[in-house]
Amino acid sequence: MADIEMEEDHPRLILHNFLTEDECKELEFIHKSCSTIGYRPNVFSTTLSHLIATNSAHLIIPFLPIRDRLKEKVEETFGCEYELVTEFTGLISWSRGASIGWHSDDNRPYLKQRDFTAVCYLNSYGKDFEGGLFHFQDGELKTIAPMVGDAVIYTADGRNTHSVDEVTSGERLTLTLWFSRDSSHDEDAKLILLLEENVLLKSNNVPWSLLPLPASDNMYWFSPHQASNQDIGFDIRLGRLHALGFDVYYSRDMNFGSDLSELLMEPMQLARRDQLLDHKFVNVLHSLQVAQFYFWEGCKSQAFTNEVQSGNTVRLSRSQSEKTTQVNSVFLKDTKLVETVFQSAGQGYFNLATFSAAITEWEDYSCWCEP
């Protein structure tokens, strides 16, 4: 599994096939159904704290065995058994235009607690994206072409200064973790506090629900180079739905000249081509999670057809079609940008009966993942 032996001056190791393809696909599904804007231009992220905050804590479960395996491997490799805590866990994707220059992962005063880094690649260079090569500045194993399932582990200090080339197409996906010897930076302690707050909220006569609660809208607004102008860019949730071939429909009358910041929290339906699906979702994040689940599960079973089942859809009327167009005009300012950032998937195949079943299966999956 290991590719390069440890170097004294540049301690690092690449592990081939550390994750299975199924593990990578499940993490990809979670990221594409929950991500927000990231910490750099053209980057998207999904953190464990964000999953808790959006009532999607059940999606943390698939991370846990992977985190344990990685921590054990890092401790074994660097001779620090039982010394480390996980400081950060996140899914990070880089779209066209994203890059980062030479740096070490502890290069800021507030990052000095980071001792080791682990990066797991969830998709492959040359197949799922172009560009995005990883380079170490010195030592052996200077350049890494990300391949699905591979992981690279290294010290977070200046001995492993590194960079990432600009992504030129596609979306480069990683699971990134940092580990620390300083137990005061244990991520789990912070997550437990957040979970306890959620449990306390549920105990105060608030019905338990696995339905997601979206974060603030500005966390989902993507603009080129992180421009603050709301007149360019798109909402990530609608953008990902658009890439899957869906439009969003709201039945209530809307004044599109007013502030629509709360609209995406309201119940809605999905439209596909000229058909309106009859299922009503609680909010747009709920519909995105189900749609991404459908395509993730469908890709595993290869059960798609072009058939649209009768009885579960109605043909969009002119007024309904105008409403979906209006929603797009507000939340998808630049559809060409959407198609550049998010590669289209599933445009050519869709089975409504299978999609309807996926709604039930998604509820079963959520309950199985519930902490």
Side-chain angles (χ1 to χ4, degrees), residues 28-56 59 90-100 166-167 169-173 211-250 254-268 270-271 281-292 323-345:
E28 179 180 350
F29 147 70
I30 293 171
H31 181 63
K32 289 186 175 181
S33 65
C34 299
S35 62
T36 62
I37 56 172
Y39 62 102
R40 297 183 63 79
N42 304 311
V43 169
F44 305 95
S45 69
T46 304
T47 64
L48 303 192
S49 59
H50 172 72
L51 292 176
I52 295 172
T54 55
N55 206 40
S56 301
L59 295 178
L91 296 169
I92 301 172
S93 65
W94 302 53
S95 65
R96 182 178 178 180
S99 67
I100 190 168
E166 181 176 325
V167 175
S169 68
E171 191 174 4
R172 177 187 187 269
L173 284 88
L211 296 172
L213 299 173
S216 61
D217 284 348
N218 61 2
M219 294 183 68
Y220 298 105
W221 190 261
F222 175 85
S223 295
H225 311 297
Q226 289 186 329
S228 59
N229 188 350
Q230 293 286 312
D231 292 331
I232 59 174
F234 59 86
D235 183 277
I236 295 171
R237 296 160 295 183
L238 270 73
R240 290 201 184 274
L241 285 168
H242 179 81
L244 295 175
F246 294 107
D247 288 314
V248 170
Y249 170 73
Y250 291 92
M254 294 169 287
N255 178 6
F256 283 88
S258 63
D259 181 11
L260 295 176
S261 60
E262 296 182 1
L263 179 64
L264 300 184
M265 293 285 290
E266 297 187 8
M268 40 72 66
L270 291 176
F281 297 94
V282 172
N283 54 54
V284 72
L285 186 59
H286 179 214
S287 70
L288 175 61
Q289 289 184 353
V290 172
Q292 292 287 357
K323 279 190 174 183
T324 64
T325 300
Q326 286 178 309
V327 170
N328 286 345
S329 71
V330 174
F331 297 106
L332 297 179
K333 299 289 188 182
D334 189 340
T335 55
K336 289 185 178 179
L337 180 62
V338 173
E339 291 156 9
T340 298
V341 173
F342 299 141
Q343 290 182 322
S344 295

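A heavy-atom distance below 4.5 Å is found between the side chains of Leu264 and Asp235. A 4.5 Å side-chain heavy-atom check between Val327 and Leu238 finds at least one atom pair inside the cut-off. No side-chain heavy atom of Phe331 sits under 4.5 Å from any side-chain heavy atom of His242. The shortest side-chain heavy-atom distance between Val290 and Leu270 does not fall under the 4.5 Å cut-off. At least one side-chain heavy atom of Asp217 sits less than 4.5 Å from a side-chain heavy atom of Arg237. Between Asn42 and Val341 there is no side-chain heavy-atom pair separated by less than 4.5 Å. Using a 4.5 Å heavy-atom cutoff, the side chains of Leu241 and Val248 are in contact.
Looking at residues two or more places apart in sequence or on another chain, you find no salt bridge (Lys or Arg N to Asp or Glu O under 4.0 Å) involving Asp247. Checked against side chain to side chain donor-acceptor pair (under 3.5 Å), Ser95 has no partners two or more places apart in sequence or in another chain. In this structure, the ring pair (Phe, Tyr, Trp, His ring centres under 6.0 Å) partners of Phe44, at least two apart in sequence or on a different chain, are Phe222, Phe342. Evaluation of the ring pair (Phe, Tyr, Trp, His ring centres under 6.0 Å) rule for Tyr249 yields no partner, not counting sequence neighbours. In this view, Thr324 satisfies the side chain to side chain donor-acceptor pair (under 3.5 Å) rule with no residue, not counting sequence neighbours. A search for side chain to side chain donor-acceptor pair (under 3.5 Å) contacts involving Asp334 returns nothing, not counting sequence neighbours. Applying the side chain to side chain contact (heavy atoms under 4.5 Å, CB included) criterion to Ser56, with sequence neighbours excluded, gives Leu51, Thr54, His58, Leu59, Pro212, Gln289. Partners of Ile100 under the side chain to side chain contact (heavy atoms under 4.5 Å, CB included) rule, at least two apart in sequence or in another chain, are Arg40, Trp94, His103, Val164. Residues forming a side chain to side chain donor-acceptor pair (under 3.5 Å) with Thr325 (at least two apart in sequence, or on another chain): none. Looking at residues two or more places apart in sequence or on another chain, you find a salt bridge (Lys or Arg N to Asp or Glu O under 4.0 Å) between Glu266 and Arg252.
Closest approach of Gly233 and Trp221 over heavy atoms only: C-CZ2, 3.7 Å. Pairing each heavy atom of Val338 with each of Gly239, the nearest pair is CG1-O, 3.4 Å. The heavy-atom pair separating Phe246 from Ala291 by the smallest distance is CE1-CB, 3.9 Å. Nearest heavy atom pair, residue Val284 against residue Ser287, reads O-OG, 2.7 Å.
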- Message: Using side chain to side chain contact (heavy atoms under 4.5 Å, CB included), reason through Ile236 and Ile37 one step at a time and then give a plain yes or no.
- Response: CA-CA 8 Å; Ile236 295 171; Ile37 56 172; 3.7 Å; yes

- Task: Kindly determine whether Asn328 and Thr335 satisfy side chain to side chain contact (heavy atoms under 4.5 Å, CB included), including the steps that lead there.
- Result: CA-CA 9 Å; Asn328 286 345; Thr335 55; 5.7 Å; no

- Task: Please lay out, stage by stage, how His286 and Met268 fare under the test side chain to side chain contact (heavy atoms under 4.5 Å, CB included).
- Result: CA-CA 10 Å; His286 179 214; Met268 40 72 66; over 6 Å; no

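One finds the CZ atom of Phe234 at 15.0 Å from the NZ atom of Lys336 (value rounded to the nearest 0.5 Å). For the atom pair Arg172 CZ and Ser99 OG, the distance stands at 10.5 Å (nearest 0.5 Å). Atoms CZ and CD, from Arg96 and Glu171 in turn, are 14.0 Å apart once rounded to the nearest 0.5 Å.
At least one donor-acceptor pair closer than 3.5 Å links the side chain of Tyr220 to the backbone N or O of Ala215. When atom types are taken as modelled, the side chain of His50 and the backbone of Cys34 share a donor-acceptor pair closer than 3.5 angstrom.
Residue pairs meeting the side-chain hydrogen bond (donor to acceptor under 3.5 Å, both in side chains) criterion with at least one member in residues 29-38, sequence neighbours excluded, are Glu28-Lys32, His31-Thr46, His31-Ser93, Ser35-Arg240.
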